[in-house]
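All heavy atoms count here, side chains included; hydrogens, waters and symmetry mates do not. Sequence lines set the chain letters: A, B, ... in the order given, protein chains first and strands last, and positions in each chain run from 1.
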Amino acid sequence: MSVVSALGHGGGSGTPAPAPARRARGGAYLLLAPGLLYLGLFFVVPVFALLVTSLYVPVPGGDVGQFQPAFEWQNYTRSLETYWPQLVRSFSYAAIATILAFCIGYPMAYTIAVKARGRPFLQAMLLVLVIAPFFTSFILRTVAWKQILADEGFVVAALKALAVIPPDGRLTATSVAVVAGLTYNFLPFMTLPIYANLERLDPRLIEAGADLYANGPTTFWRVTLPMSMPGVVSGTLLTFIPASGDFVNSVLLGNNSTTMIGQVIDSRFFKVSDYPTAAALSFVLMMAILVLVAAYIRRAGTEELL
Amino acid sequence: MKRPLPSDPVVRAIVRAQLAQRSQVSRRSVLQTGAGVAGMGALLAACGTGGAPSGEATATGGAVQDVSESDPTVNWANWTLYLDYDDQSQTYPTLEAFTEQTGIEVNYAEDIEDNDSYYGRVQGQLANGQDIGQDIVTLTDWMAARMIRLGYTQELDKANIPNWENILPGLRDVSFDPGRQHSLTWQSGFAGLAWNKEAVPGGMRSVSDLWNPDLAGRVEVLSEMRDTVGLIMLDQGVDPSSDDWGDDEFFAALEVLEQQISSGQIRQVKGNSYAEDLVSGDALAVIGWSGDITVLNFENGDNWEFLLPEAGGTLWSDNLMVPVGSPRKTNAETLMNYYYDPVVAAEVAAYVNYICPVQGAYEEMLNLDPELAENQLIFPNEETLSRAYVFRALTPEEETRYNTEFQSVIGN
């Protein structure tokens, strides 16, 4: 802002001082306009349409998929009564997957950012490995998982030989496979923010910890981990939110007892043409995520996100 | 004969994916990349027309001016890989010939990937009697029934389709369109039993054979209600094509499904991906579609057997219809007439490997490819057809209720 006003002063000799500043502010709003317009058009309007649709009632005596405007709030209670198990399941799977992704992703990020520090080539190679899966569609990768975990595959055979799973056991079409798939698919979203954060970690702070006679684990626990919390918070959000709405993993790796809420919304919409219930469930999902995330951020502190 | 797959591995993979899509499943499959976008469109469409009074059809067919004379084109929306295609020239030979014969240009669009999502996309315009940009749409029986019921289709002028008389007798008077006033069959297929010949050396005879404890956890059935429930109903001695069954029979069949799912006998209830599971070996026996098994055997070695159970299997068809608002109905009818010519029908059948609905195409196929002519899944004989049943039309109320119950049994 100061640069802009300085330029303004230089340019117009007779112009009163405040005018350029005001013009600059107008310019800033103008720059913001495309973003606001975009959000308004593609977020606010659809969300409003969603809310309106969620209150529709079937046309009396009408055909499949015909509804009329109403204020049927029971759509919400009815949806929740029927589909709370799928909703709870979605959040549980997402939570487990987030924790697992953290347990796997943090050491990975730490290795790349801290252990490989000063070796840019190695760092770059490791980062490419983390990002490489994005080069292929995640649906294809999940289908590949299905092949790897297939009953006749080597993974199941090995686990059976080690008696980890019973002789008639299987991996695909189980909740284990769904959670594993979620963890795998969202791992980079956990790893990268933590990496970005640890990468900026000032090594002098760790040295200071050692100077104060803290051993390795204590330094990690008291210095590194708290310092990397912003990365952890954004990583968990980037993992948890999409994971709870995901249905691809459950469709491909699960079966009919691992149904997640995304599948229900899809089936209500496309199979049963029950648009109000689909809309109500989408809205509930959105609100539930909003509440969970708000509670989480409140606990973790918003400044961590910056 | 069926075209050999291209040698390039990438192209091959794409063609395979499309072949898989061609099967009926993917039409209802959940995992379309465009589903989200289509879904939003459908949602907005639903909002836009939600208030329109329903029940009485908004068919404005008579009001539309037919411009076929002055505008010699026809727009046709169909499923992927559902028409003979020549890789070399990248054209559809029968369409080229049609244009040559009649001077009518065809804009052929592989636009339909799923009955429900396509319907969701165009329903708003149809309800207002608007032109959806297509003069022919190709939709499956039950969706065709809904379209016709709602008055979203135009009545066909049979004078322009003399060849329609060639339609197989069994398809002439379907319950949703007696006498074929609004629709003509494009292709048909069976739902029946399929199994891995190595794993089930004794073969199978009835749906009950799927519940054999040896197959526990290795059985999959279709997520298409009419096929899975229809086959179980047949196994219980109920004819799903007749009008004299109702809730009792439906729920008796659904109960069997529920039991087999909760006992773990049925591993999964799926759309077209059951074919992948047959290949990977996760599924050893399934309720599946005839066309898929033909393709699987062609691509992965002759490992699977398809059978219409002795009690019977279901028969589905996709139907050509002219949507309301299309101003080129005469051109559309000319095209339908062309494809009901047995010679042309045989050419298409040789490519798509589904049941050809045109009488006389069999004789043509005997010249073209005798081996294919004997394939019961393409040219079923009387005996085979006597075991195939078309699921009866459901009332809107039944459709919603049955679908809801079925979806809840399969976990949705």
Open item on the list: A:Phe42: which residues meet the side-chain contact (heavy atoms from CB on, under 4.5 Å) condition with it, sequence neighbours left out?
Closed with: A:Tyr38

TODO: Run the numbers on B:Val221 and B:Asp227 for side-chain contact (heavy atoms from CB on, under 4.5 Å), then give the verdict.
DONE: CA-CA 9 Å; B:Val221 300; B:Asp227 291 328; over 6 Å; no

Task: For chain B, which residues of residues 165-176 of chain A have heavy atoms nearer than 4.5 angstrom - done: A:Arg170, A:Thr172, A:Ala173

- [ ] Heavy-atom pairs under 4.5 Å with chain A are the metric here; pick the option from B:Thr400, B:Val409, B:Thr395, B:Val269 that has the most.
- [x] B:Val269

- [ ] Evaluate the ring pair (Phe, Tyr, Trp, His ring centres under 6.0 Å) criterion for residues A:Tyr275 and A:Phe269: first the C-alpha distance (whole Å), next the side-chain angles of each, then the deciding distance (0.1 Å), finally the verdict.
- [x] CA-CA 5 Å; A:Tyr275 307 130; A:Phe269 199 103; 4.8 Å; yes

TODO: Tell me the residues of residues 210-218 of chain B whose non-hydrogen atoms fall below 4.5 Å from those of chain A, in number order.
DONE: B:Gly217, B:Arg218

Task: Modelled atom types, side-chain donor and acceptor of A:Tyr296 and A:Thr236, under 3.5 Å - done: yes

TODO: Give the member of A:Ser257, A:Gly254, A:Gly153 that has the highest number of heavy-atom pairs under 4.5 Å with chain B.
DONE: A:Gly254

Task: Distance-only donor-acceptor check, side chains A:Tyr56 and A:Asn75, under 3.5 Å - done: no

- [ ] Using only heavy-atom distances, determine whether the side chains of B:Asn196 and B:Asn303 contain a donor-acceptor pair under 3.5 Å.
- [x] no

Task: For chain B, the option from A:Asn255, A:Val64, A:Thr259 that forms the most heavy-atom pairs under 4.5 Å - done: A:Val64

Task: Residue A:Val143 versus chain B: region with a heavy atom under 4.5 Å - done: side chain

Task: Centroid-centroid under 6.0 Å between B:Phe391 and B:Trp142 rings - done: no

TODO: Determine whether more than 12 heavy atoms belonging to other residues, nucleotides or ligands lie under 6.0 Å from atom CD of A:Glu152.
DONE: yes

TODO: Could you list all the salt bridge (Lys or Arg N to Asp or Glu O under 4.0 Å) pairs where at least one residue sits in residues 274-286 of chain A, not counting sequence neighbours?
DONE: A:Arg268-A:Asp274

- [ ] Go through the side-chain N and O atoms of A:Ser250 and A:Gln263 and say whether any donor and acceptor fall under 3.5 Å apart.
- [x] yes

- [ ] Taking atom CZ of A:Phe134 as the centre, report whether more than 12 heavy atoms of other residues, nucleotides or ligands fall under 6.0 Å from it.
- [x] yes

